Chemist: 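I'd like to ask some things about the structure below.
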Amino acid sequence: MRLKEQLNRAIADAYAKAGIEATPISVNEAGKPEFGDYQYNGAMALAKQLKQAPREIAERIVASLDSPLIAKAEIAGPGFINLHLSDVALSAAAQEARSDERLGVALKHEPIVAVVDYSGPNMAKEMHVGHLRSTIIGDALANMLEFLGDEVIRQNHIGDWGTQFGMLIAYLEELGEAQTDSLRDLEAFYRAAKQRFDEDSAFADKAREYVVKIQSGDARCLALWRRVINISLGHCEEVYEKLGVSLTREDVRAESFYNEHLPEIVQTLKTQGVATESEGAQCVFFGEDEAPLIVQKADGGYLYATTDLAALWYRANVLHAKRISYVVDARQSQHFKQVFATARKAGLVGEDVLLEHIAFGTMTDKNGKPFKTREGGTVKLIDLLNEAIVRAKEAIKKSGEYDEAEIETIAKTIGIGAVKYADLSMRRDMNYVFDWEKMLSFEGNTALYMQYAYARIRSILRKYGKAPEGEIIVTDALEHRLLVQLLRFEDTLLEAAQKAMPSYITSYLYELATLFMKFYEHNPILKEGVDEKVRQSRLQLADLSAKTIKLGLGLLGIETVERL
RNA sequence: GCACUCGUAGCUCAGCUGGAUAGAGCACCCGCCUUCUAAGCGGGCGGUCUCAGGUUCGAAUCCUGACGGGUGUACCA
C-alpha cells in the first residue's frame, strides 16, 4: 500500500479545500509512537507566507482533512499535525495484501527497460571478497526493479580482454594444452604465469604477441583464450550458485563483446569534435584542472573508457534501456562521470536515458588499505562463503536436533544470509573494514534475526494447521504499530529501488521483525484463553509478517527456512 | 594542488527530501524459560552528532570554511 502517496493526496485535498495556495511538503513517518503514525510539518513553514500563526494554519488543514485512512489528526507543539491511521482501513488493506502474491505491491504503470551492470569479475583471477559488494548490491537492485515491474536486463561485464590473457594462454600452451587441470586454482596459475612473465623476456615477448593474436582473431590463440575464460567463468558460477545470486551465463556480456564497435565509437567522437588529439592520443576534455578521458591510446589501442562507451551505446540503442545502473566501486566515480558526460555529448545515449553510477565504498583490510589481489592477504570469496557455512553449522549443532540434510540446508541459508546481510545492511557509500567476526555474526541485527522471526511464525501457523480467517482486530498499540509497519513495505521498496539502497530494506525488515518479536512475547496466539476472533486476527498479522519478511529478504537474495 | 567521499555512544552502524527529550546491535550490569522456538524479551549504563560560522520559527540533517580518515587525478581495468 502506498501510504505516503495517499496521505499526501489527502493533505493536498485539504489545502485546496481550505483555500491554501501552496504546494504541500510530504508527510513523514512519526518519530515516536506518541506522535501518531505520520506527521505533517507543513503548517509552520506557511506562517510567514500566510501571515497567520502556525497553529491556526494547522487547524485549518486539520478541519479540511478528510480521508478514510486517517482516524485522528492532532495538533501539537508549534504546529505539528500528528496523523493516526485508521485500524479499520489498515486492516482491510492488510487482509488484501495477505491474499495477494505481491502482498499488495502494485506493478509499475509504465515499466521501462532497466540495465543493471554488476559483479563484473576479472577472468584472469578468482573472485575475492572485494567482489562481494557489487555482486550482491547489484543483484538486490535488479530483483527490486524486476519485482516492481521493470524489464530488467542484468549485465555481467566480465573482464576477458587485455594484456594478462596473452600471458595466461602463453603459459597454458607451455604447460601443454591438456593441462587445464592447473587452472582449477586460478590464483596459483596466475601467479605462476606472472612469474614466468617477469623472469623470462622471451616468454614475455610471446605473451605480448599472443595478445595481438587474440585480438586479430588467430584461431589457435582464440581457442586457448576461450578455454581460460570458460574455466574462469565456471569459478564465478560456483560462487554465484553458493551466494544465491541470479546471474547466469546469459547475462554475461564481456568486454570482448564490444571490441568490434570500438573503432566506430572513436570515429563518432572524432567526427563530432567531442574527442580531440593530444600527445598522440584521442581525448575528451572537460576542464582546465580535470584530466581528460582517453578513448584511444597513442599506439592506436583502445581502453576501458572506450569499451564503456560502446556498452553504453549498445544498452541504450540495442537493448533500449531507459535506466542504466552501474554498480561499481566509488573509486571509479570520476571515470563514470566522464564516460556519461561523453556519451551524452556525442549522442550515444538519448536525453531520456537515466545513467547512474551506483557507487559503493571500498572494503578494506585492518590497515585501511583496499584488498589487493597480488598481495597474498586477499580472502577468496569462495573461502569466505564456505567458512560462513561451517560456522553456521557449529552454531546449529549447539541449539537443536536436526537431521543431516536439514543441517546442510539451514547452515547454507543462515551462513550465506549472514554474509550478505552484513554487507547490505550498511549504507552502500560507506567504506568498511573486512572482518570475519562481523561477516559471520549471528547476534542482534543480522539476517538470522529475521530468519528466526520467520521460522517462529511458520511454527505457529504449522501448529494451527488451518488458514486463519475473519477480520483483523487491533487490540493494542503494539498490534497497531505492527500493522502500520507491515503496510509500509511498498513505500520502503519504492524508495529503496529508486535510490538503489538495499539498506533501506534491511532497516525496514529489522524494525518489522523487532515489532513482531515484541508482539510475539506479549500477545499470545495459540495459548489457552485467547478469544477466537482475536486469535484469528493475530494469526493473520503473524502470517503477513512472515510473508513480508520472506519477500523482503528474498528481494535481497537472502533465503528463509521453515524451521530453525 | 584540484576533485570526490566519509567523520554520530567504548566498538560497528542507523537516522541526513530540516522538525518535538538523537536510535539500534555488540560489549558491560540486572531481570524473565511448568503453556505458541530464550539464536528471544524487559530494564540499566553509555552521546559537546569532529570543530567554527551561516541560512531558518527550528540544523546530526542544508550552505561555507577548517581539521581528520579514505579515494581519484593522461594513455591499466
Side-chain angles (χ1 to χ4, degrees), chain A residues 25-26 28 30-32 34-35 39 41-42 44-45 47-48 54 76-80 82 120 122 124 157 159 161-164 255 278-283 285 287-299 301-305 307-308 329-335 337 359 361-362 364 368-370 395-396 398-400 414 422 425-427 429-433 435 437-438 441-446 448-449 451-453 455-464 495 503-504 506-507 510-511 514 517-518 520-530 535 538-539 542 563-564:
Chain A
I25 60 171
S26 174
N28 283 329
K32 292 184 189 302
E34 309 92 85
F35 299 151
Q39 51 180 274
N41 303 327
M44 277 92 77
K48 220 172 245 177
F80 296 108
N82 293 334
N122 189 324
H157 192 78
W161 209 237
T163 46
Q164 315 109 309
E255 282 179 342
S278 169
E279 294 173 32
Q282 290 299 325
C283 303
F285 287 92
E288 289 289 301
D289 301 330
E290 200 171 333
L293 183 73
I294 300 177
V295 295
Q296 188 174 22
K297 296 194 279 186
D299 69 4
Y302 301 105
L303 300 109
Y304 179 41
T307 307
D308 270 341
D329 193 299
R331 282 173 292 181
Q332 293 187 37
S333 298
Q334 190 182 24
H335 167 78
K337 201 185 103 202
T362 308
T364 71
K369 294 267 154 50
I396 292 168
K398 267 184 249 164
S399 78
I414 69 178
S425 60
M426 233 178 328
R427 285 183 69 94
D429 37 18
M430 297 280 281
N431 282 356
Y432 75 93
V433 177
D435 177 13
E437 298 313 315
K438 188 177 163 191
S441 163
F442 298 126
E443 287 181 333
N445 185 4
T446 62
L448 183 61
Y449 186 80
Q451 289 165 329
Y452 184 56
R456 278 181 143 183
I457 299 170
R458 296 300 302 159
S459 166
I460 292 172
L461 295 173
R462 249 194 325 274
K463 227 160 245 172
Y464 183 69
E495 208 172 335
S503 62
Y504 290 0
T506 59
S507 294
Y510 184 60
E511 208 172 314
T514 302
M517 289 292 198
K518 288 180 184 169
Y520 178 93
E521 295 287 336
H522 301 294
N523 300 23
I525 299 174
L526 299 181
K527 293 179 184 178
E528 273 179 45
V530 178
R535 174 173 296 149
R538 289 180 179 169
L539 280 165
R563 196 174 87 98
L564 259 178

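Naming: A, B, ... by sequence-line order, numbering from 1 per chain. All of these numbers come straight from a predicted model, not from anything done at the bench.
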Chemist: Give the minimum heavy-atom separation between Y464(A) and L526(A), together with the two atoms involved.
Modeler: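 Minimum heavy-atom contact is CD1-CD2, 3.8 Å.
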
Chemist: Between K463(A) and U37(B), is there a contact of a side-chain N or O with OP1 or OP2 at under 4.0 Å?
Modeler: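 Looking at the OP1 and OP2 atoms of U37(B), one of them is under 4.0 Å from a side-chain N or O of K463(A).
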
Chemist: Sub-3.5 Å donor-acceptor pair from the side chain of N431(A) to the main-chain atoms of T362(A), do we have one?
Modeler: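 Between the backbone of T362(A) and the side chain of N431(A) there is a qualifying donor-acceptor contact (under 3.5 Å).
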
Chemist: Whenever both distances are under 3.5 Å in a Watson-Crick or G-U wobble pair, mark it; put RNA chain B into dot-bracket that way, with [ ] for crossing pairs and | when the partner is on another strand.
Modeler: (((((((..((((.....[...)))).(((((.......))))).....(((((..]....))))))))))))....

Chemist: Closest heavy-atom contact between A47(A) and P54(A)?
Modeler: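 Closest pair (atom of A47(A), atom of P54(A), distance): CB-CD, 3.9 Å.
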
Chemist: How long is the span from the CD atom in Q282(A) to the OH atom in Y302(A), to the nearest 0.5 Å?
Modeler: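 If I round to the nearest 0.5 Å, the distance is 9.5 Å.
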
Chemist: Base, sugar-phosphate, or nothing: which does A542(A) touch, judged by heavy atoms less than 4.0 Å apart?
Modeler: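 A542(A): no heavy atom of the nucleic acid under 4.0 Å.
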
Chemist: I need the minimum non-hydrogen distance between I294(A) and A305(A), along with the two atoms involved.
Modeler: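 Looks like O-CB, 3.8 Å.
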
Chemist: How long is the line joining CG of N445(A) and P of A39(B), in whole Å?
Modeler: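 Roughly 18 Å, once rounded to whole Å.
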
Chemist: For G44(B) versus U12(B), give the span between their P atoms, rounded off to a whole number of Å.
Modeler: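 The same atom, P, in both gives a distance of 25 Å.
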
Chemist: Rounding to an integer number of Å, can you tell me how far D435(A) CG sits from G25(B) C1'?
Modeler: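 So the two atoms are 14 Å apart, to the nearest Å.
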
Chemist: Using the side-chain heavy atoms of K32(A), tell me which of these nucleotides is nearest: G23(B), C36(B), C57(B).
Modeler: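 Looking only at heavy atoms from C-beta outward on K32(A), the closest nucleotide is G23(B).
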
Chemist: C1' atom, U8(B) versus G23(B): distance in rounded Å?
Modeler: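 Approximately 10 Å lies between the C1' atom of U8(B) and that of G23(B).
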
Chemist: Starting at the 5' end of RNA chain B, which residue's closest nucleotide do you reach first, A395(A) or E528(A)?
Modeler: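 Looking at RNA chain B, the more 5' nearest nucleotide goes with E528(A).
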
Chemist: Stacking between F80(A) and the base of A20(B) (centre distance under 5.5 Å, interplanar angle under 30°)?
Modeler: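 Stacked: centres under 5.5 Å apart, planes under 30°.
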
Chemist: Using the P atoms only, state how far C26(B) lies from G72(B), rounded to an integer number of Å.
Modeler: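 It works out to 35 Å between them.
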
Chemist: What string of B, S and - do you get for nucleotides 42-47 of chain B 5' to 3' if you count protein non-hydrogen atoms under 4.0 Å?
Modeler: S-----

Chemist: Could I get the full list of salt bridge (Lys or Arg N to Asp or Glu O under 4.0 Å) partners for K337(A), not counting sequence neighbours?
Modeler: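 Residues passing salt bridge (Lys or Arg N to Asp or Glu O under 4.0 Å) with K337(A): E290(A).
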
Chemist: Are the side chains of I460(A) and L539(A) in touch, meaning some heavy atoms are under 4.5 Å apart?
Modeler: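 Touching, per the 4.5 Å side-chain cut-off.
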
Chemist: At what distance, to the nearest 0.5 angstrom, does CG of D308(A) lie from NE2 of H335(A)?
Modeler: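 NE2 of H335(A) is found 4.0 Å from CG of D308(A).
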
Chemist: Where each residue is assigned the nucleotide of RNA chain B containing its nearest heavy atom, which of I457(A) and N82(A) is assigned the position nearer the 5′ end?
Modeler: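 Whichever sits nearer the 5' end wins; that is N82(A).
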
Chemist: Where do A422(A) and S425(A) come nearest, in terms of heavy atoms and distance?
Modeler: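 Nearest pair, atom of A422(A) first, then S425(A): O-OG, 3.5 Å.
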
Chemist: Which value, in whole Å, describes the distance between the P atoms of nucleotides G70(B) and C32(B)?
Modeler: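 G70(B) and C32(B) have their P atoms separated by 48 Å.
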
Chemist: To check you understand the geometry: which heavy-atom pair defines the closest contact between S503(A) and M426(A), and what is its length?
Modeler: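 Looks like CB-O, 3.7 Å.
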
Chemist: If you measure from the C1' atom in A52(B) to the same atom in C67(B), how many Å do you get, rounded?
Modeler: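 It comes out at 11 Å once rounded to the nearest Å.
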
Chemist: Give the nucleotide from the list U37(B), A20(B), A39(B) with an atom nearest to the side chain of L448(A).
Modeler: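 My answer, after comparing the listed nucleotides, is A39(B).
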
Chemist: Looking for any heavy atom pair under 4.0 Å, which part of the strands does A47(A) touch: base, sugar-phosphate only, or nothing?
Modeler: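 No contact.
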
Chemist: Determine the minimum heavy-atom distance between I25(A) and N41(A), stating which atoms define it.
Modeler: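 Scanning both residues completely, I find the closest heavy atoms to be CD1-C, 3.9 Å.
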
Chemist: Rounded to the Å, how far apart are I25(A) CD1 and G58(B) P?
Modeler: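 One finds 16 Å between P of G58(B) and CD1 of I25(A), rounded.
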
Chemist: From CG of D329(A) over to C1' of C4(B), roughly how many Å is that when rounded to an integer?
Modeler: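 Distance check: D329(A) CG to C4(B) C1' gives 13 Å.
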
Chemist: With heavy atoms under 4.0 Å as the rule, sort Y520(A) into base, sugar-phosphate or nothing.
Modeler: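 Result for Y520(A) = base.
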
Chemist: Test your reading of the model: is there a side-chain donor-acceptor pair from R535(A) to the backbone of P524(A), 3.5 Å cut-off?
Modeler: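 Such a contact is absent between R535(A) side chain and P524(A) backbone.
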
Chemist: Partners of H157(A) by side-chain hydrogen bond (donor to acceptor under 3.5 Å, both in side chains), sequence neighbours excluded?
Modeler: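 So H157(A) forms no side-chain hydrogen bond (donor to acceptor under 3.5 Å, both in side chains) with any residue.
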
Chemist: R458(A) CZ to C36(B) P: how many Å, rounded?
Modeler: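 After rounding, the gap between these two atoms is 19 Å.
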
Chemist: Mark this stacking check for F35(A) against A20(B) as yes or no, applying ring centres under 5.5 Å and ring planes under 30°.
Modeler: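 So F35(A) counts as stacking on the base.
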
Chemist: Which label fits Y449(A) and Y510(A): parallel for a plane angle under 30°, tilted from 30 to 60°, or perpendicular past 60°?
Modeler: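 Y449(A) vs Y510(A) ring planes: tilted.
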
Chemist: Distance between the P atoms of C75(B) and G18(B), in whole angstroms?
Modeler: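 About 42 Å, rounded to a whole number of Å.
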
Chemist: According to a strict under-4.0 Å criterion, is S459(A) in side-chain N/O contact with OP1 or OP2 of U37(B)?
Modeler: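 Looking at the OP1 and OP2 atoms of U37(B), one of them is under 4.0 Å from a side-chain N or O of S459(A).
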
Chemist: Examine distances only and state if a side-chain atom of S459(A) and a backbone atom of A455(A) form a donor-acceptor pair shorter than 3.5 Å.
Modeler: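 No.
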
Chemist: Taking syn as any angle within 90 degrees of 0 and anti as the rest, which one fits C33(B)?
Modeler: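 This nucleotide is in syn.
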
Chemist: Counting the atoms with a prime plus P, OP1 and OP2 as sugar-phosphate, which does A359(A) contact under 4.0 Å by heavy atoms, base, sugar-phosphate, or nothing?
Modeler: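 Since no nucleic acid heavy atom lies under 4.0 Å of A359(A), the category is nothing.
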
Chemist: Do nucleotides 72-77 of chain B as a string where each nucleotide becomes B, S or -: B if the base has a protein heavy atom under 4.0 Å, S if just the sugar-phosphate does, - if no protein is that close.
Modeler: SSBBSB

Chemist: May I ask you to say what D308(A) touches in the nucleic acid, namely base, sugar-phosphate or nothing, with a heavy-atom cut-off under 4.0 Å?
Modeler: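 Answer is nothing: D308(A) stays at 4.0 Å or more from every strand.
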
Chemist: When all nucleic acid strands are considered with a 4.0 Å heavy-atom cut-off, which category describes Q451(A): base, sugar-phosphate, or nothing?
Modeler: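 No contact at all - Q451(A) keeps every heavy atom at 4.0 Å or more from the nucleic acid.
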
Chemist: What nucleotide among U37(B), G25(B), A20(B) has an atom nearest to a side-chain atom of L564(A)?
Modeler: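 For L564(A), the side-chain atoms sit closest to U37(B).
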
Chemist: In this structure, how many angstroms lie between the P atom of C33(B) and the CD atom of E521(A), rounded?
Modeler: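 Result: 12 Å.
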
Chemist: Pick the C1' atom in C45(B) and in C11(B), then give their distance to the nearest Å.
Modeler: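 After rounding to an integer number of Å, I get 15 Å for this pair.
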
Chemist: Indicate yes or no: at least one non-hydrogen side-chain atom of L564(A) is less than 4.5 angstrom from one of L448(A).
Modeler: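 Yes - at least one pair of side-chain heavy atoms lies under 4.5 Å apart.
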
Chemist: Measure from the side-chain N and O atoms of S441(A) to the backbone N and O of K438(A), and report whether any donor-acceptor pair falls under 3.5 Å.
Modeler: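 Pair absent, no side-chain N/O of S441(A) close to backbone of K438(A).
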
Chemist: With rounding to whole Å, what would you report as the distance between G68(B) and G25(B) at their P atoms?
Modeler: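 Looking at atom P only, G68(B) and G25(B) are 35 Å apart.
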
Chemist: What string of B, S and - do you get for nucleotides 5-18 of chain B, 5' to 3', if B is base contact, S is sugar-phosphate-only contact and - is no contact with any protein heavy atom under 4.0 Å?
Modeler: -------SSSSBB-

Chemist: If the cut-off is 4.0 Å, is R456(A) near the phosphate of A38(B), judged by side-chain N/O to OP1 or OP2?
Modeler: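 Yes, R456(A) has a side-chain N/O under 4.0 Å of OP1/OP2 on A38(B).
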
